[in-house]
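Below is one structure, written out as C-alpha cells; comments come after it.
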Amino acid sequence: MALPRPPAILPTYASNNLGLASQIIGAPQRARGVFYGWWLVVISGFTMTIATVPLYHAMAVWSVALESQFGWSRGQIGLALTFTRIEGGFMGPLEGYLTDRLGARRMILMGLLILGVGFLIFASVQNLWMFYAAFIVMALGQGLGSWLPLMTTINNWFSRRRATAMGWSNVGGRLGALLLVPAIAWAIDPDHTRLGWQMTALILGVFTLILAFPLTRLIRNRPQDYGQLPDGDTPAPVAPANAEGEAESTTNRATGARPAATAPRRQAAQDDGDLTAGQALRTPAFWLISFGHGFTSMIILAIMTHLGLLLKDKGFDVQTTGWIVVVYTATAMVFQLVGGYMGDRWPKNITLFIFTTIQAAAVVELTLATNILMFYLFAVLFGIGFGGRNPLTTAIRGEYFGRTSFGRILGLSTVPMNVLLLIGSPLAGYMRDVQGSYDPAFLLLAGFNFLGGVLFLFARKPRVPRRN
C-alpha cells in the first residue's frame, strides 16, 4: 500500500454547508481521493515510536546496562515493568474515559509531556527506588499518550478497514524500533565508553518534550467533526430544494432540529453496532478478549525485560541482543500488515488464535536454543506471532463493540489484562534467580500464551441490544 500524499484543504461538506466549512480551521479534507485517516495512521506510528520503543522494546538492552552498573538482581529489574502495569491497571479506565471526553489530541499531548519528564528522572537514577519511580512516571505518560488514545482515533476513522489501518499504524512503531533499539544498544553498551545509559535517557527526554506540541497538532479526533465518515465514505447528498424540502427546513428551524445532512452520521453509528461500556461489560466477549490479551502479553513483557539477560547468560553481548530484537521487530513489522489483511477478511478470533499459537511456539523454541542460529529462528517465529496478533487484539474490540464508547471499553479491558501483566516479568526474574535458568519460567509463560489464544478463539461477537 502506498502512503498517501499530504491532503490539501478542500471542503467536502454539502453545498449548503460551504460557509460553515470554510470557518473550520485546520479541517482535514480530501486531496486527489486521499482520506485523512491514512495520514493519522502514519502520525500514530511515529507517535508510538517515541512513546513505546525506548520504554518497552529497548528494555532488553537497558536491563543489561543497569545490571552492569548497579548489580541489581533479575527479579528487581523485572519488577520495574510490574510497576508500569500497576499504573495501567489503575489508570486504564480513567484513560479511556478521558479519551472519549477530551479527545485523543489533548491526551497525547499530556502523555508525551509526562513521558519526557519521566526520561529526565530516569537519567538521574542513583538507586533502585528512583528507578522504580522513573518507570512509573514514564509508564503514566506512555499510557496517556500512545496506544489507547491512538487506537481510539484510528477506530473512529475506520470501520471496514479497521484492522488494516491498525496494522499499518503498528508498522510505523516497528520501523522506529528497527532504528532506535540498535542505536540505544550502541549508545549504552557497558563494555564500551560511548554516551552511556544516563546521557541517552536525557537525550530521549528532551527530544520527547520538544516534539510533543507540534506532533499533537496533527491529531484529529473524529471524521464526523469535519463532515466526513469512517473509511472516507461520502456522506449522503442533501436533497435538492423544493416545496417539501423548504417545508422540512422550516420545520427544522422551528423545532431546533439538526438538518437532514447529519443523518449519515447517526446512521453510521447505529449500523456499526455500538455498545455502551456497561453493555460491553455484560458480554462474555469482553472478558474473553481482555484475559486473552493479558495471557498472550505476559510473555512479551518478559521477553522485553529478560531477553538481553538470557543472552548474557549464554555468553552473548548487548549488541547481539540488539540485533535479535531488530530481527523479531522487522518480522513483526511485516506481519502487522499480514495480520491486518487477514483480520479484515477472516474472523478475527480465529486469526488471533493462529498467531498467538505461533508466538507460544516461538517461546518454546527459545528455551531449546543452544546457538545463535536458533536464537535468530526464535526471533523470526516470535515476530510472526507477535506482529500478526498485535493489530487484531485492538481491532476485534472495535468490531465487537463499535466506536461510540471505544475508549472507555478499551480502558476498562486493561484492568484484567494488567492484573496478568503484573505477573510475567517479575515471575521470570524470580524463577531465574531461584533456579538459575529462565527455561521453566518461559515454558510456563508459553503455556499461558496458548491459553490466551484459546480464549480468543471462543470470543464471539455480541448481539447489539435493540434500539428504541
Side-chain angles (χ1 to χ4, degrees), residues 1-5 33-49 52 147 150-178 223 229-233 271-273 285 289 292-293 296-297 300 327-362 379-403 406 410 449 452-453 456-457 459-461:
M1 176 185 294
L3 293 178
R5 297 178 61 183
V34 173
F35 178 47
Y36 192 78
W38 292 113
W39 268 115
L40 289 172
V41 168
V42 177
I43 294 164
S44 67
F46 182 71
T47 305
M48 282 196 286
T49 296
T52 63
W147 179 67
L150 288 169
M151 292 302 100
T152 300
T153 301
I154 293 178
N155 188 65
N156 287 339
W157 282 79
F158 292 91
S159 179
R160 296 188 311 275
R161 308 194 68 185
R162 180 184 289 118
T164 298
M166 290 179 178
W168 274 105
S169 172
N170 286 290
V171 162
R174 300 294 174 264
L175 182 60
L178 290 180
L229 294 177
D231 296 302
D233 291 342
D271 290 345
D272 205 47
I289 292 170
H293 196 174
T296 57
S297 297
I300 294 173
V327 170
Y328 79 62
T329 301
T331 307
M333 183 176 68
V334 175
F335 277 85
Q336 298 273 152
L337 305 179
V338 176
Y341 178 87
M342 292 173 62
D344 283 336
R345 289 157 179 82
W346 295 4
K348 290 180 176 61
N349 58 330
I350 296 175
T351 311
L352 272 166
F353 174 74
I354 294 171
F355 283 115
T356 52
T357 301
I358 295 172
Q359 181 177 284
V380 172
L381 290 175
F382 188 74
I384 293 172
F386 175 41
R389 66 174 275 285
N390 205 29
L392 299 177
T393 54
T394 310
I396 193 172
R397 292 176 169 101
E399 179 182 309
Y400 281 21
F401 307 122
R403 289 188 295 272
F406 182 80
L410 190 58
N449 190 134
F456 280 131
L457 186 63
R460 298 288 186 269
K461 185 173 182 179

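Count residues from 1 along the sequence.
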Of all heavy-atom pairs between K348 and A395, which one has the smallest distance, and what is that distance?
-> CE-CB, 3.8 Å
Can you see which heavy atom on S169 is nearest to which on M151, and at what distance?
-> OG-CE, 3.6 Å
Between F456 and F353, ring centroids under 6.0 Å = no
Euclidean distance, F382 CZ relative to I358 CD1, rounded to 0.5 Å = 12.5 Å
All N/O donor-acceptor pairs, side-chain side in residues 332-340, below 3.5 Å, sequence neighbours left out:
residue	atom	partner	partner atom	Å
Q336	OE1	R174	NE	3.4
Q336	OE1	N390	ND2	3.3

Please say whether the positively charged group of R389, taken as NZ for Lys or CZ for Arg, lies over the ring of F386, i.e. under 6.0 angstrom from the six-membered ring centre and within 45 degrees of the axis.
-> no
Pairwise distance OG1(T296) to CZ(F355) - rounded to 0.5 angstrom | 13.0 Å
For G176 and T49, which heavy atoms make the closest approach, and how far apart are they?
-> CA-CG2, 3.5 Å
Spacing of Y328 atom OH and I300 atom CD1 [to the nearest 0.5 Å] = 9.0 Å
From L352 CG over to T393 OG1, what is the distance, rounded to the nearest 0.5 angstrom?
-> 6.5 Å
Residues which pass side-chain contact (heavy atoms from CB on, under 4.5 Å) with I43, listed by chain and number, not counting sequence neighbours | Y36, L40, T47, L215, L218, I219
Separation of T394 OG1 from M166 CE (nearest 0.5 Å) = 5.5 Å
Can any side-chain N or O of Y400 pair as donor or acceptor with the backbone N or O of A459 at less than 3.5 Å?
-> yes
Can you check whether L392's main-chain N or O pairs, donor with acceptor, with T351's side chain at less than 3.5 Å?
-> no
Student check: side-chain heavy atoms of W157 and D231 closer than 4.5 Å = no
With side chains defined as the heavy atoms from C-beta onward, is the minimum distance between N156 and P230 less than 4.5 Å?
-> no
Could you tell me which non-hydrogen atom of T329 sits nearest to which non-hydrogen atom of A177, and how far apart they are?
-> CG2-CB, 3.4 Å
Once you round to the nearest 0.5 Å, how far does CZ of R403 lie from OG1 of T153?
-> 13.0 Å
Determine, for R162 against E399, whether the closest basic-nitrogen to carboxylate-oxygen distance falls under 4.0 angstrom.
-> no
Residues P391 and G387: closest non-hydrogen pair is CD-O, 3.2 Å
Ring centroid separation W38 to F158 under 6.0 Å | yes
Residue set satisfying side chain to side chain donor-acceptor pair (under 3.5 Å) with R160, at least two apart, ordered chain then number -> D233
Closest heavy-atom pair, T331 versus V380, reported as atoms and distance to 0.1 Å, is CG2-O, 3.4 Å
